[in-house]
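Comments concern the structure below.
Each chain gets a letter, A, B and so on, in the order the sequences are listed, and its residues count up from 1. This is a predicted model, so every value here is computed, not measured.
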Amino acid sequence: MVNGVVVEFPALKLMLLLPALGVVFNLFLGRRAGRAIVNVVSVAAVVGAFLLALWALGELLALPAGSALKATLWSWIYVGPLQIDLGLRFDALAAVMTLVVSGVGSIIHLYSCGYMGEDPDYARFFAYMNLFTLSMLVLVLGNNLLFMFIGWEGVGLCSYLLIAFWYDNAQFAYNGRKAFVVNRIGDAGFLLGIFALAAAFASRGLWTLDFAAMREHISLVSSAVATMAGLLFFLGATGKSAQIPLYVWLPDAMVGPTPVSALIHAATMVTAGVYMVARLGFLYQLTPATMEVVAAVGAITAFFAATVALAQSDIKRVLAYSTISQIGYMFLGAGAGAFGAAIFHIVTHAFFKALLFLGAGSVMHALGGEQDMSRMGGLRRKLPVTHATMLVATLAITAVPGFSGFFSKDEILEAAYVSGHYWLWGLGVITAGLTGLYMFRLFFLTFYGRSRVEAARLPRLHESPAVMTIPLVILALLSLGGGWIGLPAGMLWGDRIGEFLRPVVGQVKSVPGLEALALSAVASAAALSGLVLAFVFYVAAPGLPERAAAWSGALYRALREKYYVDELYDFLVTRPLFFLSDVAFDRVIDSYAIEGLVDGAAAAARGGAAAIRRVETGNVQHYALTYLCGALAVLAYCLYYSMRHG
Amino acid sequence: MISGTIGAALDASWRPVLAPAVVAITAMAVMLVGSRLGEEDSEGLGWLTFSGLALAALCAFAAVGRHAPAFAGALIVDDYTAFFYCLIAVCAAMVVLLSLDYVPALELPSTEYYALLLSATVGMMLLAAAGDLIIIFLGLETMSISVYVMAAIARRDPRSSEAGLKYFLLGAFSTGFLLYGIALLYGATGSIKLEAISRALQSSALAASPLVLLGLAMMLIGFGFKVAAVPFHAWTPDAYEGAPTPVTALMAVGVKSAAFAGFLRLLLVYLPALHAQWGGALWVLAALTMSVGNLVALAQNNVKRMLAYSAIAHAGYILVGMTAAGGAAGAAVLYYLLGYAFANLGAFAVLVAVERVEQPGTTLADLGGLAKGQPMLAAAMALFMLSLMGLPPLAGFVGKFYVFSAALQAGYVWLVVLAALNSVISTYYYARVIVAMYVNEGAERKLRARRPGLSVALAVAIAATIIIGVDPRPYVEMAAGAYASAAGIARSGVRAAFLAH
Amino acid sequence: MTANLLTLIIFVPLVGALAVALFADERTVWPAAFIFSLLPLALSIYLLVAFNPHDNGYQFVERRPWIADFGVSYHVGVDGISLFLVPLAALLVSLTLLYASGGDIDRRPREFCFFVLMLETGLLGVLLAVDLFLFYVFWELTLIPIYFIIGIWGSQRRVYAAFKFILYTMLGSLLMLVALIYLVLHARGYLGAATFDLTDLYRVPLSHAQARWLFAALALGFAVKVPVWPLHSWLPDAYSEAPTAGSMLLGGAMFQMGVYGFLRFAIPLFPEVAREAAPLFMALGVVGIIYGALLALAQSDLKRLVAYASVSHVGFVVLGVFALDRFSVEGAVYQLITHGLSTTALFMAIGMIYLRRRTRAIGELGGLWRPAPMLGAILMVAMLSAVGLPGLDGFVGEFLVLLGAYFASWQAAALAVSGLILGVLYMLWAYERVMFGPLAKSADRGIADLAPREVAVIFPLIALMFFLGLYPRPLLRRIEPSVVAFLARAQAAPAPALSFDRAKPQEFAGLRVVP
Amino acid sequence: MTPVSYYLVLGAALFAIGVAGVVIRRNLIVIFMSIEVMLNAVNLTLVALGRALGSTDGQVMVFFVMTVGAAEAAVGLALILAAFRSRHTIKADELNLMRW
């Protein structure tokens, strides 16, 4: 930022326009255009965006460090001093994210052409996917909080639409809504965070939600406000990035088509929270307490999700919990101040986790949609490409030295250690071991051992078509080599990505080489021991897991049932809410109290009418009597009056 | 023009009674002609009556622009008198138009019917013009006795004779009270001339005397009966329901206007000195009248009976205006009566049109589906209901607006709030009529072929209800001028009070 | 044309109503009514173009005496607050007619068109009147047509709903009338002449007690119409029993009246009391947001659901207005527009479902996306607009309201935000049950997707939702000066506390006879 | 000389008796007669007051009242007769076709 310049770069608008056009085309013309054209258009839209991103990256690299490209679509909400544009800003952080989104997005779009090859609703699918890409690009390119919020909610919407893509299944639709609603809880926090921040700046005379301006004047914000805003934004992040306490939607989100799980629920959308925290790093750095919270929630989530992943038998569900766990790492890094490391982990995670999902998708494709690992096994010969690429990905996520996950995770753990979070570091190391265990459990259960595939499915067992395997290979290469862009400082070309990001996200202090080496060794040892344990359990001695499960009893059941958190939420939140709405409000308060007051007034009027009309008996003498009473009353009034005044 | 010619031809002292005289002469003519004609010629008699009343309405203008006692103060001729002469004549004429269909259909004795209608009109006019207590009494009785008979004139309908009888018994009973009041007031002040009474009461010693108070109370009771104020209202529903529909219209509009004309002149013009005494009583009467009228109307299914209670309720609103006293109130009440008269006449005209011969009286069920069979009739009825409800820009709304203004101006905030709440209640039963016509399904019924007279009456009522509401200015001027002339204050005085300049 | 533009806009529909009622036959009535409704729409679009965005006062003012003696004048004008509500009302009436002609109103079309056009005159009059008397006349004029529309063309419990609606509204409006008269009479003591002119009445000093009662009376009238919790109980009945076309008008074009009343009359006339009452109304707004949302969650009828959702959404508007903050008020005005659009679209979509399946019960429906994807898509967009998805129109207003409310009271904003969460919950839950899931009922299978005319009816709304969500600037720019002027009034220091001269009314009250 | 108040009290008593008769007696003819008693009580009052005031207005008034009373009697009896013809009763409480 110090020496950076900001350059107008109108092509950024094009980057949004392409997927937008894809959406419009697919929605309105998709069915008529036919499958081939839809495939081409949809993939081209994202690939085009990727190429534009590369071009923009080239431009950016040509500028001094800390520079940014910008473009403004049009002015949006202008009220008084507050002027919010739909503005785009392409700095280092946005560049990395844009490349991941459009790059991995391109690969997954390509893969989808094969995966959704038989689905009749392909046009709708690609419309949603393009809409997602558009929203995600808005999220990462938006130069102010509110524009970012459009993308932020937009990706949530797309997530909902895609989880519920096969809407005929009521459960899928339910899961989609669950995701959206839980996300909205986070979004509410995000929105309140915006208000808190805007109010803090406004009270000092600065009306802005622009990242650059806020960053420049962050000193205007008191640390109390920063803490509050930081926590609110982090609430938003826990929703979007599936962290405790709002992670519950992500495992259920796996019912969507697998490319969706890969793109949205692994590679991009769920990391948006981390991106946001990194983007607001200047705010978080003001408030150590919030950083602690972020780090602790991250580490605990990482550990927690990893334990759950140990006992799941649904392949995508395991991957979902692993995603939650990995994002936990990212927050651990961010909380430790290593925003660069967190972003780096986003990148590597995007590679290997997308690959894992796509691999799982390939397995499912081969097995006719089977997701249960207890009905897999021994697939390595039938699915050689899938097997090989999955192995790379599993090694990467396990953080075996040399694979991409190793570098990023290592940086995170080192940062945690350096910043003094020893407990969290320890938790991270244990989680690393667990990661090795559950990931290789998945790997072995799927590809090794005895085949448990249902007999009916065996004849049709086949490797996926090239349109699906090519993306697998590309991602495998990235998973293998993608980590080398961020080597430890001083090693070969050093931490390129970290340096690239530094002007935006700041720098963390590092430890001397030897100590760093020791830390890496501990983490790697933990990961490898997990790997070995998995080998023993699921390849060498296949009977062992059952005995272990029986031995651990309640603990195992708790893990398998995900600690009963869904049930707990149901009991604590959902049921009371519906009770309140249905019984307390609808049937009691609205029907009796409020309605009753209204109908009661009407009934009182009718009752009064019924009573008074009884005076009108039809008997003329009663009338005379009434008359007389009235007359006497008037006379009495006169007497009273004359006595008082006379 | 005609009035001018006639007026010039006559001695000036006859001018005040020109209109009632015309009506009285017409009444005699009707009796003479009627005795020569068969019953089948009732329509001719009707038109004769109508022309007499129309002429009387024109003659009413002969009284405009003067303020002078006539016949030694027995009658007062001023714009106020002219206003009511005109209003009463028009109302009676409208009732004639309603009767053109009705009299032959129910085989009522036409000669007697029209003659009584005319004599009732004479009584109303006298009441409006009365300058002394005797004329008040005479006018009241001339009007009442005629109407008693008219109410009972449908001899084949037991309800008609019951209505007439009840009305008569209670009316006579009430006359006793009124008379007693007259006697006491006369005894206390030594005069039967309103002017003189008013002057005498300027002295505060006299104003506080119990005799005056008792007399005043008795007068209140007597007039309270005629204007159907609660608790002296009990006759109203039965009499309205049982009487032939045009007669009900006459009671609701003519009798009521005339009674208020006399009542208003007595209290506001001649007894303002006693406002402290009668104001409180009237406050209570107004509140009771509005509330009871509106509440009980809620429970009615017979439209005529419902309109009877509605008439009671409207009397309550008018009493609110009277309670306020003062120039603004006087003008507001006059204007209110104008708007009220046409909306009510119109409503009764519709009832006449839809009433079945074999079963007089109309329930809400009888109105079912009217909008389909008779869209114009239904629309007209809806319009009248809306005006009575007090919805802008119809006459009923502006009337309410002025009455509320006058009362608020005098500081009667709570009474006005009560009136507003009552208006809310009234919405329900007026709207029920609309629902019956527009929402409910009814049996297809063939209605009598309508004579043009009824259509004319409807058209006049519709036009008046709209025009008086949309452009109230000339009518407000008229009302304000009339009241100013009666109260003997400069017209601009009322304008200053009531309008803003 | 400009000289009489507003008069033309207001009264062309009335002329149309009479023309339709008197001359049209069954065949020509729909096109005739539609054309008559297009005229004010065209005129109001011209109004948009010709409006000067920098002027914060009334424009296109017409003023001629009416009941001159009482200070009543025919005084109309348009400012930034009403500017967009006028074309919106005109548009919604046109769309309603277009929609209703497609089978929603299957009997007595002539009367229907008559009432709708009459209603349009009332609506436009309410928005454009600057004279309080005139305002009141138009205010009441809207009552009757909608009463008929509910009562004649409504569903099962229509009569009950119509009565409830009219009684509620009359209760509010008659007390309002009393207050208006009181105010005018009081003002005469200062101004020397009675006047119902809003701009004159601003200058009248009132004692605190007077201002409090007057504000209470006006606020009651407007609050019923909004409706502010807990005066809402007419709304679910009216909205759900009315025919679809009636619900569209009620929910889309009439709910603005109450809020508009607050903005135009209740608050500027009694700023001091309004400021005092602001916390109360903000609280009621927040309660309304949550209460409406929770009740919407419990509904099993689609229209009732949208009705309670409206209660929730107008809670935001009330919150925004009474936060008395530049952002929130402008957001509230913006929400008047956007909520009208989304509610209309929702009712329209529900009506389309009803036309196909003859039911609105959520439990009876299911899996409709399969046979009718376009309908599903449109309902989705409408719902998302209603729940304030950024990028669609609802968000802009909601954001501004909440931002302003946050400035006024962060607690209120924090509670109100829960409405956003619950909004997604009830809307999407209903959506899920109706559109998603298996095709359970055989009756659902055969239903047709949208016909071209239906697309034509709803497309303008959808297009506007996107436009207003993505490019609100031109609207905000024109609304802003008037909002600033409104706030200047609302924040004004109390008028100089002259002692009220009680002698003047006494003069009139005790008129004495001249002997 | 008898003070005027005696007459007034007598008048008031007669009036009260008339009122009581109207309210209590069931026979329509008797009720009507009671009303006549009320009118005559007023007449007595008027005459007494007129004499006390030394003005003739009171007496004049009485003439009118008597005239009107005669008219009322004619009309009233005719109405009672008509009612009797259609309902065959002259009991006040049996004439209740219309009520409420």
Side-chain angles (χ1 to χ4, degrees), chain A residues 27 73-80 82 86 124 135 138 146-147 149-154 157 160-161 164 167-170 172-174 176-177 180-181 183-185 187-189 191-192 194-196 198-199 202 577-578 580-587 589-590 593-595 597-599 602, chain C residues 164 167-168 230 232-234 236 291 293-299 326-327 330-331 366-367 369-370 373 377 380 384 387 389-391 395-396 399-400 402-403 406-407 410 413-414 417-418 420-426 428-429 431-433 435-439 470-473 476-477 480 484:
Chain A
L27 270 188
L73 291 178
W74 57 76
S75 49
W76 190 30
I77 298 180
Y78 272 44
V79 175
L82 186 63
L86 295 184
R124 187 162 59 91
S135 307
V138 165
L146 211 59
F147 191 28
F149 191 63
I150 294 188
W152 183 266
E153 288 245 300
L157 171 70
Y160 160 67
L161 292 172
Y167 53 82
D168 287 350
N169 185 320
F172 292 9
Y174 167 81
R177 174 165 55 90
F180 202 6
V181 171
N183 261 301
R184 260 263 158 152
I185 298 175
D187 297 350
L191 207 51
L192 285 174
I194 294 180
F195 298 148
L577 184 70
F578 278 89
L580 205 64
S581 123
D582 191 35
V583 180
F585 278 80
D586 192 39
R587 300 208 195 137
I589 298 182
D590 211 51
I594 291 180
E595 203 73 338
L597 211 63
V598 177
D599 289 343
Chain C
K164 205 166 172 182
L167 287 176
Y168 247 109
H232 65 278
S233 88
W234 61 270
Y291 186 90
L294 281 175
L295 273 161
L297 200 54
Q299 300 309 313
R326 185 174 193 170
F327 297 97
E330 198 157 341
W369 184 294
R370 176 73 60 203
M380 170 67 77
L384 292 175
V387 300
L389 188 85
F395 176 72
V396 177
F399 168 73
L400 290 173
L402 288 171
L403 180 64
Y406 189 93
F407 289 141
W410 66 266
V417 162
S418 67
L420 296 181
I421 301 166
L422 291 170
V424 173
L425 188 55
Y426 63 73
L428 293 189
W429 189 34
Y431 188 83
E432 180 185 317
R433 285 178 288 170
M435 285 291 163
F436 291 164
L439 263 174
L470 290 172
Y471 193 43
R473 176 108 194 269
L476 294 176
R477 220 177 89 201
E480 187 153 4
V484 171

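- Contacts between C/Y426 and chain A at a heavy-atom distance below 4.5 Å are absent for every atom of the residue.
- In terms of heavy-atom pairs under 4.5 Å with chain A, the best-connected choice from C/V396, C/L425, C/L297, C/L422 is C/L297.
- The aromatic rings of C/Y471 and A/W74 lie perpendicular to each other, with more than 60° between the two planes, well past the 30° mark.
- Relative orientation of the A/F578 and C/W429 rings is perpendicular, given thresholds of 30° and 60° on the angle between their planes.
- Ring centroid separation for the pair C/F436 and C/Y431 comes in under the 6.0 Å cut-off.
- In this structure, no portion of C/L167 lies under 4.5 Å from any heavy atom of chain A.
- Both the backbone and the side chain of C/L402 come within contact range of chain A, judged by heavy atoms closer than 4.5 Å.
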| task | Go through C/F399 and A/L191 one step at a time and tell me if the side-chain contact (heavy atoms from CB on, under 4.5 Å) criterion holds. | result | CA-CA 8 Å; C/F399 168 73; A/L191 207 51; 4.3 Å; yes
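- Ranked by non-hydrogen atom pairs under 4.5 Å with chain A, the options C/L400, C/L384, C/V424 are led by C/V424.
- Between atom CG of residue A/N183 and atom CH2 of residue A/W152 there is a gap of 8.0 Å, rounded to the nearest 0.5 Å.
- Interface remark: of the candidates A/F180, A/Y174, A/Y160, A/Y160 forms the most heavy-atom pairs closer than 4.5 Å to chain C.
- Contacts between A/F172 and chain C at a heavy-atom distance below 4.5 Å are absent for every atom of the residue.
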